[in-house]
Structures are given as C-alpha cells and as structure tokens.
Amino acid sequence: MSETKKKIYIAGAHSRGRTLRAYLEYLYPELEVAAFLVDDMSENAETVDGLPVRLIGQGLHTKYPVYIGMRGANHEKVAKELRDAGIKEIIPVTVELDMQLRNAYVRRYAKDSGRTFHVIDELPTGE
C-alpha cells in the first residue's frame, strides 16, 4: 500500500522558503512540498534542493495550500498573485509562525537526538 502525502507549495525559493520546507517536512512527514513558487525566474534556478521552481500562475494545482515563505513586505503582493491564479488556501508565514515552527523543529530534533530543548522563556528565572 502506498502512502499518499498531502502536497503543498511554498512561495519563495531562497533561504526562508528552503528553511520553511525543512521545518514542515520534518515536523509533518505527511506533507510533501511539490514545488517552490516565484513571481520572477530571473533570480531563481529551475530547481532548488531537488524541487522544481515554478512561476505563480503557470499550471498550478489550485487545491494545494501555499505557504508564503518570504519577507513579510512581499506577502500582500504574492498573496494577490496566488489568489489571481486560483489558489484558495494561502498561509503567510509571519514572524510568529516562523518562531513557532523553528522552536517545534529544534525541540523535535533535540528529542530525536536524545536531548532536551527549552526556549529561554521556559527556563526558570531563579526568583
């Protein structure tokens, strides 16, 4: 029996998008990133980390959710382009969501390595 993974896209093919992919695929093994999406190929390779890089609006599966993994200043513009391309589920990765994913990733990685991870806010203050 083959396992069917839920496919998603990540808008952004540079460091934020690549890091987001690592977080999501490690934390949620049932997810698979189908491609990185960009609005301009001039500063992007055709593949990144073994995944295709595709232009927004060119033959996308509109049922796949899209995580916006780029600077917040670009979120509104890219979200509009995604909506115009027929994408219904758009998840902007805010600073807060990025921090939640990063902490969950590091916590899980530490646990899988037999260690413990605590964020500074969870440490006793000694008061």
Side-chain angles (χ1 to χ4, degrees):
M1 174 186 277
S2 69
E3 177 183 335
T4 303
K5 293 191 175 199
K6 179 180 178 183
K7 299 214 181 197
I8 64 168
Y9 292 123
I10 293 177
H14 292 278
S15 65
R16 291 177 197 224
R18 293 171 64 209
T19 301
L20 177 61
R21 176 192 182 193
Y23 294 161
L24 291 174
E25 288 186 343
Y26 188 70
L27 292 169
Y28 307 102
E30 70 278 8
L31 291 182
E32 180 181 346
V33 178
F36 291 107
L37 306 180
V38 297
D39 61 357
D40 179 5
M41 288 297 291
S42 67
E43 294 183 20
N44 293 285
E46 290 185 22
T47 62
V48 171
D49 297 339
L51 284 182
V53 177
R54 300 178 55 194
L55 283 172
I56 293 171
Q58 290 193 342
L60 302 180
H61 293 280
T62 58
K63 293 187 192 242
Y64 292 3
V66 178
Y67 286 79
I68 302 179
M70 57 182 62
R71 292 184 335 203
N74 298 324
H75 284 195
E76 189 174 323
K77 175 184 176 288
V78 170
K80 181 185 181 326
E81 291 172 1
L82 290 166
R83 283 190 303 275
D84 290 347
I87 301 293
K88 304 282 187 265
E89 189 175 352
I90 301 167
I91 302 104
V93 179
T94 61
V95 171
E96 295 80 16
L97 179 55
D98 180 69
M99 186 170 35
Q100 289 171 4
L101 289 168
R102 180 181 62 242
N103 288 344
Y105 175 89
V106 174
R107 185 173 279 114
R108 168 86 52 84
Y109 185 82
K111 180 181 177 194
D112 290 349
S113 301
R115 294 181 275 174
T116 304
F117 168 77
H118 297 283
V119 293
I120 299 270
D121 294 342
E122 295 172 347
L123 295 175
T125 60
E127 295 175 1

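Residue pairs meeting the side-chain hydrogen bond (donor to acceptor under 3.5 Å, both in side chains) criterion with at least one member in residues 42-53, sequence neighbours excluded: H14-N44, R18-D49, D40-S42. Residue pairs meeting the ring pair (Phe, Tyr, Trp, His ring centres under 6.0 Å) criterion with at least one member in residues 66-102: none, sequence neighbours excluded. Every pair tested for side-chain hydrogen bond (donor to acceptor under 3.5 Å, both in side chains) that includes a residue from residues 56-66 fails, sequence neighbours excluded, so the list is empty.
Remark: A110 pairs with R115, F117 by the side chain to side chain contact (heavy atoms under 4.5 Å, CB included) rule, at least two apart or across chains. Among residues two or more places apart in sequence or in another chain, the salt bridge (charged side-chain N to carboxylate O under 4.0 Å, His left out) test is passed with R102 by D98. Shown here are the side-chain hydrogen bond (donor to acceptor under 3.5 Å, both in side chains) partners of R16, two or more places apart in sequence or in another chain: there are none. Residues that satisfy the salt bridge (charged side-chain N to carboxylate O under 4.0 Å, His left out) test with E81, not counting sequence neighbours, are K77. Applying the ring pair (Phe, Tyr, Trp, His ring centres under 6.0 Å) test to Y26 and every residue at least two apart in sequence or in another chain returns Y105. Under the rule for a salt bridge (charged side-chain N to carboxylate O under 4.0 Å, His left out), K111 has no partner lying at least two apart in sequence or in another chain. Under the salt bridge (charged side-chain N to carboxylate O under 4.0 Å, His left out) criterion, E89 pairs with no residue, sequence neighbours left out. Residues that satisfy the side-chain hydrogen bond (donor to acceptor under 3.5 Å, both in side chains) test with E25, not counting sequence neighbours, are R21.
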Does D84 form a salt bridge (Lys or Arg N to Asp or Glu O under 4.0 Å) with K80? I'd like the steps, not just the answer. CA-CA 6 Å; D84 290 347; K80 181 185 181 326; 2.7 Å; yes
Could you go through L37 and L55, starting from their C-alpha distance and side-chain angles, then the distance that decides it, and tell me whether this counts as side chain to side chain contact (heavy atoms under 4.5 Å, CB included)? CA-CA 6 Å; L37 306 180; L55 283 172; over 6 Å; no
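Taken together through direct or relayed side-chain contacts under 4.5 Å among Ile, Leu, Val, Met, Phe, Trp and Tyr, Y9 and V48 form parts of separate hydrophobic clusters. Both M70 and V66 are part of a single hydrophobic cluster, where members link through side-chain heavy atoms under 4.5 Å apart. One hydrophobic cluster, built from ILVMFWY side chains closer than 4.5 Å, cannot hold both M99 and L24; they sit in different ones. Linking ILVMFWY residues whenever their side-chain heavy atoms come closer than 4.5 Å, directly or via other members, leaves I56 and V53 in distinct clusters.
Counting heavy atoms from C-beta outward, Y28 and K6 have side chains that stay 4.5 Å or more apart. The shortest distance between side-chain heavy atoms of I91 and L97 falls below 4.5 Å.
Between the side chain of R107 and the backbone N or O of T116, no donor-acceptor pair lies under 3.5 Å.
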